[in-house]
Engineer: 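Below are the structure tokens for one structure; questions will follow.
Numbers restart at 1 for each chain; the letters A, B, ... are given by sequence-line order, proteins then strands. The basis for the numbers below is simple: all heavy atoms, side chains too, and nothing from hydrogens, waters or symmetry mates.
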There are 2 protein chains.
Amino acid sequence: MAAPRGSYAKGIAKREEILTAALDVIARNGYRRTSVRELADAVGLSQAGLLHYFASKEELFQEILRKRDDVDMASYGIDTEQSIDGLLALVAHNTDVPGLVQLYAQVSTEAAGDPAHPAHEFFIARYGTIRGAFAELIRREQAAGRVGADIDVDSTAALLVAATDGLQTQWMLDPSFDMVEHIRSFWNLVTRKP
Amino acid sequence: MAAPRGSYAKGIAKREEILTAALDVIARNGYRRTSVRELADAVGLSQAGLLHYFASKEELFQEILRKRDDVDMASYGIDTEQSIDGLLALVAHNTDVPGLVQLYAQVSTEAAGDPAHPAHEFFIARYGTIRGAFAELIRREQAAGRVGADIDVDSTAALLVAATDGLQTQWMLDPSFDMVEHIRSFWNLVTRKP
DNA sequence: ATGAAAACCGAGCGATGTATGGTTTTGCCA
DNA sequence: TGGCAAAACCATACATCGCTCGGTTTTCAT
């Protein structure tokens with residue numbers, strides 16, 4: 001039983017190159033009509049060569065979103081939300097990466113609706129984490145007296161996540177649709193004193 | 001220039017049979033992994049035979065959703081909303097038709113993210129209509145004194161639509177997730193007096 | 001009854017995602 | 001530093017997909 005040898009330096013770099021290149025192609029061509037052949041060409045590989053790094057097309061997309069999450073978590077601290085401004089900044093940032101928003105919307109919807117989808121469990125965990133972070137933020141604001149004690153914390157957290165998701169659909173249909181302003185409006189509903 | 005002859009009785013019935021059968025198959029197999037051949041088999045037709053009624057697979061799905069909309073509009077009067085109860089009843093009803101919810105979520109997301117999608121314009125109009133109906137409902141409640149005058153009507157309407165959409169994703173990931181209760185919770189945020 | 005249009009089919013086209021069996025390249029260690 | 005196992009990568013093939021095309025069968029108004 002030999003110890004498995006890890007990836008080579010070249011492979012690690014190529015894998016990263018694929019992820020960033022794939023995002024570019026998707027942003028340009030859209031998610032649905034992007035084939036593995038196109039993605040492979042974009043990084044100078046054959047189809048089989050690309051599939052060496054990712055078991056399937058779906059897995060590649062999931063990996064892009066996972067990487068996005070990591071970057072966003074670090075940049076905006078959604079998972080350890082200090083204030084609503086982090087979310088507002090993230091939503092504002094999303095306006096600049098429509099391809100990513102589109103990919104996320106598509107994949108999350110597909111994965112949610114199909115328990116057999118490879119990313120189904122991933123999104124269950126993801127939504128649990130985000131909802132928990134938002135709930136804690138609201139609880140903190142509640143303790144500070146900036147949010148009424150009568151607010152249902154968990155429900156409001158779920159609604160905040162739902163609104164963020166749902167607004168993306170309306171924004172994709174009309175790029176002039178101001179997601180940030182609407183999220184701010186939601187937060188006003190939460191914070192105004194009864 | 002001869003006058004075009006309409007569909008035969010058999011054709012009209014078959015078309016309807018296809019729509020209902022397709023929904024069944026989708027509810028069972030999921031939207032993504034349902035092929036035209038499967039749908040054709042379900043109604044005793046060949047692929048080409050089915051495609052005689054619908055120019056493409058996408059058009060068939062769009063027709064299912066359009067029919068659903070017609071039924072829902074008539075049953076719950078979403079387009080001429082009298083009170084929030086209509087929406088609550090509709091959302092409650094959706095719990096019983098997961099296949100439709102899944103189909104709607106998928107198709108609306110795909111169409112929204114792709115301006116070239118055949119249903120793109122359809123959803124732009126649909127969201128405009130629903131947002132307008134909700135806005136009018138809120139305005140009416142505002143006039144009746146049940147909603148504060150400080151509420152941003154249009155933004156709240158957009159948020160209500162967004163929340164309804166977004167909650168579906170969380171419900172698909174966890175069927176025990178109570179969409180109705182969360183919508184009610186949102187409405188509480190809107191109606192509580194400052 | 002008849003004939004034009006609707007209903008329907010068989011065959012096939014191009015593109016897709018992916019599995020297979022192989023060759024070339026990398027880099028650890030003897 | 002040379003060997004060699006594993007990683008990197010490719011050519012080919014396959015099943016399936018949505019969809020088109022040319023044709024046959026069925027419907028039904030005249």
Engineer: Please report, rounded to the nearest Å, how far the C1' atom of D:dT16 is from the CG atom of B:L39.
Structural biologist: 15 Å
Engineer: Is the distance from the ring center of A:F61 to that of A:Y31 below 6.0 Å?
Structural biologist: yes
Engineer: Rounded off to whole Å, could you give me the CG-to-P distance for the B:L50 and D:dC17 pair?
Structural biologist: 14 Å
Engineer: Quick check: any donor-acceptor pair below 3.5 Å linking the side-chain of A:R37 to the base of C:dA15?
Structural biologist: no
Engineer: Rounded to the Å, how far apart are B:E16 CD and C:dA7 P?
Structural biologist: 14 Å
Engineer: By nearest atom, which of the nucleotides D:dC17, D:dC10, C:dC8 is closest to the B:K14 side chain?
Structural biologist: C:dC8
Engineer: Using a 4.0 Å cut-off on heavy atoms, which residues in residues 109-121 of chain B reach DNA chain D? List them by number, or say none.
Structural biologist: none
Engineer: Can you tell me how far C1' of C:dG27 sits from OH of A:Y8, to the nearest Å?
Structural biologist: 6 Å
Engineer: State, to 0.1 Å, how close A:R15 and A:E63 come at their nearest heavy-atom pair, and which atoms those are.
Structural biologist: NH2-CG, 3.3 Å
Engineer: Assuming nearest nucleotide by heavy-atom distance, tell me which of B:S7 and B:A48 is located more 5' along DNA chain C.
Structural biologist: B:S7
Engineer: Can you tell me the distance, in whole Å, between the CG atom of A:L45 and the P atom of D:dA8?
Structural biologist: 11 Å
Engineer: For atom CD of A:E136, is the number of surrounding heavy atoms from other residues, nucleotides or ligands below 6.0 Å larger than 12?
Structural biologist: no
Engineer: Considering heavy-atom distances to DNA chain D, does B:K10 or B:E58 have its closest nucleotide positioned more toward the 5' end?
Structural biologist: B:E58
Engineer: Out of D:dC17, D:dC10, D:dC19, which has the shortest distance to the side chain of B:S35?
Structural biologist: D:dC17
Engineer: Considering all heavy atoms of both residues, which atom of B:N94 and which atom of B:R68 are nearest to each other, and what is their separation?
Structural biologist: OD1-NH1, 3.2 Å
Engineer: To the nearest Å, give me how far apart CD1 (B:I18) and P (C:dA6) are.
Structural biologist: 16 Å
Engineer: Checking A:Y127 against A:D165 for the side-chain hydrogen bond (donor to acceptor under 3.5 Å, both in side chains) test, could you report, in this order, the C-alpha distance in whole Å, the side-chain angles of both residues, the deciding distance, and whether it holds?
Structural biologist: CA-CA 11 Å; A:Y127 275 89; A:D165 278 359; 2.4 Å; yes
Engineer: With sequence neighbours excluded, tell me which residues meet side-chain contact (heavy atoms from CB on, under 4.5 Å) with B:D154.
Structural biologist: B:A135, B:R139, B:D152
Engineer: Would you mind reading off the distance between A:I12 atom CD1 and C:dT25 atom P, rounded to a whole angstrom?
Structural biologist: 20 Å
Engineer: Is any side-chain heavy atom of A:I64 less than 4.5 Å from a side-chain heavy atom of A:T20?
Structural biologist: no
Engineer: Looking at A:K57, I'd like to know whether one of its side-chain N or O atoms comes within less than 4.0 Å of OP1 or OP2 on C:dG17.
Structural biologist: yes
Engineer: Would you kindly check whether a donor in the side chain of A:R5 faces an acceptor in the base of D:dA7, or vice versa, at under 3.5 angstrom?
Structural biologist: no
Engineer: What about B:Q47, does its side chain sit under 3.5 Å from the base of D:dC19 through a donor-acceptor pair?
Structural biologist: yes
Engineer: Establish whether the base of C:dA7 is bridged to the side chain of B:Y53 by a donor-acceptor pair shorter than 3.5 Å.
Structural biologist: no
Engineer: Using atom NE2 of A:H52 as one end and atom C1' of C:dG17 as the other, report the distance to the nearest whole Å.
Structural biologist: 18 Å
